[in-house]
Amino acid sequence: MKVYLYLWITLLIPVFVSAKEKIKVACVGNSVTYGYLLPEREKNAYPAQLQKLLGENYIVKNFGKSGATLLKMGHRPYTDQPEYQQALDFAADRVVIHLGLNDTDPRNWPHYRDNFIKDYTELIASFKAANPQCKIWICRLTPIGNRHPRFRSGTRDWHAEIQKEIEKIAVHTEMGLIDLEEPLYHRPDLFPDALHPDPEGAGLLAQTVYSALTGDYGGLQLPLLYSDNMILQRNKPLLLSGKADKGEKIRVKIAGQQQTTCSGENGKWEVTFPPFEAGGPYTLEIRTSRQKQIYHNVWIGEVWVCSGQSNMAFPLKQCVTAQSAFRQARQPQIRLFHMQPYEETNAVEWRPSFLDSLNRLQYYRTTGWTETDTATIGDFSAIAYYFGKMLNDSLNVPVGLILNAVGGSPCEAWIDRRTLEYDLPDILQDWKHNDMIQDWVRQRAGQNIRQANRKEQRHPYEPCYLFEAGILPLEHYPIAGIIWYQGESNAHHTELAEQLFPMLVNSWRHYWQSPRLPFYYVQLSSLNRPSWPRFRDSQRRMLQTIPYTGMAVSSDRGDSLDVHPRYKKEIGERLGRWALANNYGKSITPSGPLFRSVRFHNKQAILEFDYGHHLKTSDGQALRCFEIAGPDGLFYPAKAFIEDDRVIVTSPKVTAPCVVRYAWQPFTRANLVNGDNLPASTFRTDL
């Protein structure tokens with residue numbers, strides 16, 4: 001009997017030792033931690049998924065409580081719940097706290113916000129008392145989506161305030177900080193009720209917590225723009241960044257210089273080199289103790305982002321000057337980075353497997369930088385190519401062009417989520433049925449995703465989507481500026497576009513942390529769409545309200561029946577004029593005549609223009625497409641002639657003129673140009 005008892009005890013001893021050595025992890029929180037609304041909560045809640053990631057050397061326990069507040073005077077204080085005492089009794093080695101979401105309730109934050117830091121600090125201290133050796137992480141809150149019923153009434157703003165308080169607490173208490181907002185903020189499709197993540201969302205939370213606890217961020221990772229043949233921006237501090245496992249020493253070498261840093265608690269790292277002059281070729285080396293990435297044929301020059309919708313994407317091989325371009329295609333100093341969508345936004349149904357990728361923001365093919373030759377320029381943007389060629393010819397430095405343009409995309413798809421949440425939240429609501437969005441845009445998107453099997457299926461036309469899928473992955477890659485050709489999908493609603501376009505410009509400038517980042521755009525061309533004259537004039541007027549912008553007129557190169565005119569060389573070069581004049585100090589006229597002022601005298605309207613030197617007509621004929629109106633607002637065709645670089649406009653039908661308009665037709669044959677043969681913009685003198 002003693003022998004059997006000895007053997008039984010001997011067999012049990014390793015089990016007891018093993019259990020004692022396991023690291024205990026307590027997940028403290030509210031309904032998100034608990035797994036509210038999740039099918040098979042015990043398997044899908046983030047603590048359960050965290051257990052699988054950490055493995056058998058850990059014991060993870062879920063101490064989440066639905067509805068719990070951090071505030072002790074809140075409507076359901078976590079410290080009053082049995083889950084709190086159970087968490088203390090567990091005496092964990094690792095504690096992860098995610099509380100504060102329910103404190104955004106109007107019963108809580110407006111009244112007791114001043115207690116938040118004190119209550120949170122006391123909660124941390126209580127877990128330290130239960131196990132003085134424990135390590136504690138506090139979490140920035142998971143997102144609350146714009147579909148939440150209280151989003152605009154206070155939740156949006158209170159959520160942001162609580163995030164800042166949590167960051168203060170982490171610094172003051174020297175606790176680890178886990179950002180649970182970042183991995184989910186751009187995935188509203190993972191929140192069926194705008195508050196609680198689905199199983200995939202809970203999995204992202206588990207992965208985020210796992211990396212924070214272990215320091216495992218998947219090793220050395222670089223942004224998608226890093227490849228052989230890349231162009232890096234000259235004459236600006238050169239920021240290079242990436243991710244690595246926590247605490248890794250990173251060495252970066254280029255052009256005979258080296259920078260060293262360590263990855264942070266969140267795995268992120270960055271180094272900044274002093275500005276380089278144009279030159280190359282160089283080798284860029286990025287190394288950790290275990291991994292390395294080496295990029296060859298790297299040059300320093302000018303980098304521009306070329307974006308918008310289908311007229312920016314319009315390929316060189318389809319424009320009228322394609323053959324001459326192919327004859328001189330070999331230009332290794334012009335480098336192309338083409339962000340090609342997996343599927344074009346044509347009126348077709350997309351395959352279900354692609355729809356799943358869309359939800360994960362995987363809309364673009366994996367690509368890399370290429371030199372310009374016959375194999376690469378045919379499918380590249382004609383406008384971007386001619387813009388880059390003009391810069392390369394004029395500056396004699398390498399030029400890098402990042403093309404990210406999506407056919408039919410509305411302006412709001414390119415704006416960051418935070419901007420829209422605060423400045424125009426209504427456009428985020430039920431976008432597939434939202435009257436702010438043009439009918440054909442919604443219809444085409446609906447056809448693309450017709451086979452979707454989930455309610456919150458995403459699409460490139462969705463507000464914020466293209467910023468999240470196509471701009472965020474650029475990882476703040478230093479650039480010289482942006483050229484833009486878009487507006488066709490917003491031309492039905494000029495007043496809304498006048499809100500959206502400044503938001504877009506400011507959104508991108510904020511992203512690149514460059515308030516003066518040049519933003520040069522193309523005015524819509526001529527086409528038989530009634531709303532376009534007013535929209536074109538709106539684009540002209542925004543030159544006066546948005547600083548550091550320029551506008552290329554394209555109405556003289558339109559097509560009455562085709563939204564994709566094939567004359568692109570002139571448009572790319574007109575954008576190049578703005579860049580050469582404003583960015584690079586070249587003595588070149590950036591624009592055709594832009595209406596400056598009008599004076600009415602003796603039944604005449606006398607017009608003056610910026611960039612109005614040596615005014616003439618493009619075809620040698622009389623001026624046309626001017627109209628004039630009196631106080632009754634009725635416009636009549638007018639006689640117009642040039643005198644001392646001014647345009648004089650009259651009509652026998654208007655004896656007291658007070659308004660003039662020019663090129664106010666959807667498809668116009670207007671012919672006013674300046675001495676550089678650059679066309680005048682559409683305008684109305686009273687807008």
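No experiment lies behind these values; they were computed from the predicted model shown.
Between atom CG of residue Leu101 and atom OG of residue Ser31 there is a gap of 7.0 Å, rounded to the nearest 0.5 Å. Atom SG in Cys306 sits 6.5 Å away from atom CG in Leu403 (nearest 0.5 Å). Within the model, atoms CD1 of Ile471 and CG of Leu504 stand 9.0 Å from one another, a figure rounded to the nearest 0.5 Å. Between Glu495 atom CD and Phe535 atom CZ the span is 10.5 Å, to the nearest 0.5 Å.
With hydrogens and angles ignored, the 3.5 Å screen pairs a side-chain donor or acceptor of Arg147 with a backbone N or O of Phe191. A donor-acceptor contact shorter than 3.5 Å is absent between the side chain of Asp556 and the backbone of Pro679. Within the 3.5 Å criterion, the main-chain N or O of Glu349 finds no donor-acceptor partner in the side chain of Gln451.
Between His492 and Trp532, the distance separating the two ring centers is not shorter than 6.0 angstrom.
Side-chain contact, Tyr461 with Ser409: no donor N or O sits under 3.5 Å from an acceptor N or O. Side chains of Ser241 and His476: a donor-acceptor N/O pair is absent below 3.5 angstrom, by distance only. For the residue pair Asp416/Ser507, the side-chain donor-acceptor check at 3.5 Å is satisfied. Between the side chains of Arg365 and Tyr342, no donor-acceptor pair of N or O atoms lies under 3.5 Å. At a cut-off of 3.5 Å, with distance as the only test, a side-chain donor of Ser681 or Gln523 sits close to an acceptor on the other residue. No side-chain donor-acceptor contact under 3.5 Å links Asn453 and Gln457. Between the side chains of Thr142 and Tyr185, no donor N or O sits under 3.5 Å from an acceptor N or O. Judged by distance alone, the side chains of Asp379 and Gln340 never bring a donor and an acceptor atom under 3.5 Å apart. A side-chain N or O of His459 and one of Asn448 form a donor-acceptor pair less than 3.5 Å apart. One side chain, Asn404 or Tyr364, offers a donor N or O that lies under 3.5 Å from an acceptor on the other. Side chain to side chain, Glu302 and Gln233 meet the donor-acceptor criterion of an N or O pair below 3.5 Å.
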Stepwise side chain to side chain contact (heavy atoms under 4.5 Å, CB included) test for Ser591 and Met551: CA-CA 8 Å; Ser591 174; Met551 182 188 75; over 6 Å; no
Step-by-step salt bridge (Lys or Arg N to Asp or Glu O under 4.0 Å) determination, Glu181 to Arg418: CA-CA 12 Å; Glu181 183 177 45; Arg418 193 82 65 190; 3.7 Å; yes
Candidate pair Asp356 and Arg360, rule salt bridge (Lys or Arg N to Asp or Glu O under 4.0 Å), full reasoning: CA-CA 7 Å; Asp356 291 337; Arg360 296 182 176 89; 5.2 Å; no
Side chain to side chain contact (heavy atoms under 4.5 Å, CB included) between Leu472 and Leu361: does it pass, once the steps are laid out? CA-CA 10 Å; Leu472 286 180; Leu361 301 176; over 6 Å; no
Arg534 vs Ser538, test: side chain to side chain contact (heavy atoms under 4.5 Å, CB included). Steps then yes/no. CA-CA 6 Å; Arg534 184 172 292 271; Ser538 171; 5.8 Å; no
With salt bridge (Lys or Arg N to Asp or Glu O under 4.0 Å) as the criterion, how do Arg574 and Glu570 come out once you've worked through the C-alpha distance, each side chain's angles and the decisive distance to 0.1 Å? CA-CA 6 Å; Arg574 290 171 190 174; Glu570 301 89 337; over 6 Å; no
Pair Glu182, Thr208 - check side chain to side chain contact (heavy atoms under 4.5 Å, CB included), show working. CA-CA 9 Å; Glu182 183 183 44; Thr208 303; over 6 Å; no
Would you sort out whether Glu343 and Arg351 count as a salt bridge (Lys or Arg N to Asp or Glu O under 4.0 Å), showing the intermediate values? CA-CA 10 Å; Glu343 295 283 355; Arg351 61 190 189 279; 2.3 Å; yes
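No option in Phe337, Trp578, Phe387 other than Phe387 meets the ring-ring contact (aromatic ring centres under 6.0 Å, His included) test with Trp304.
Ring geometry, Tyr363 versus Phe354: the interplanar angle falls from 30° to 60°, so the pair is classed tilted. Ring pair Phe467/Tyr511 is perpendicular by interplanar angle, where above 60° counts as perpendicular and below 30° as parallel. Using the six-membered ring where Trp is involved, Tyr521 and Phe501 have ring planes that are perpendicular, over 60° apart on the 30 and 60° scheme. The aromatic rings of Trp484 and Phe519 are tilted relative to each other, their planes meeting at an angle between 30° and 60°. Between Phe626 and Tyr662, the two ring planes are tilted [angle within 30° to 60°].
For Pro192, the side chain to side chain contact (heavy atoms under 4.5 Å, CB included) criterion is met by Asp198, not counting sequence neighbours.
For Asp179 and Arg140, the salt-bridge test passes: some basic side-chain N is under 4.0 Å from an acidic carboxylate O. A salt bridge is defined here as a Lys NZ or Arg NE, NH1 or NH2 lying under 4.0 Å from an Asp or Glu carboxylate O, and Glu468 with Arg458 meets this definition.
Taking the ring axis of Tyr36 as reference, the NZ or CZ atom of Arg41 does not stay both within 45° of it and closer than 6.0 Å to the ring centre.
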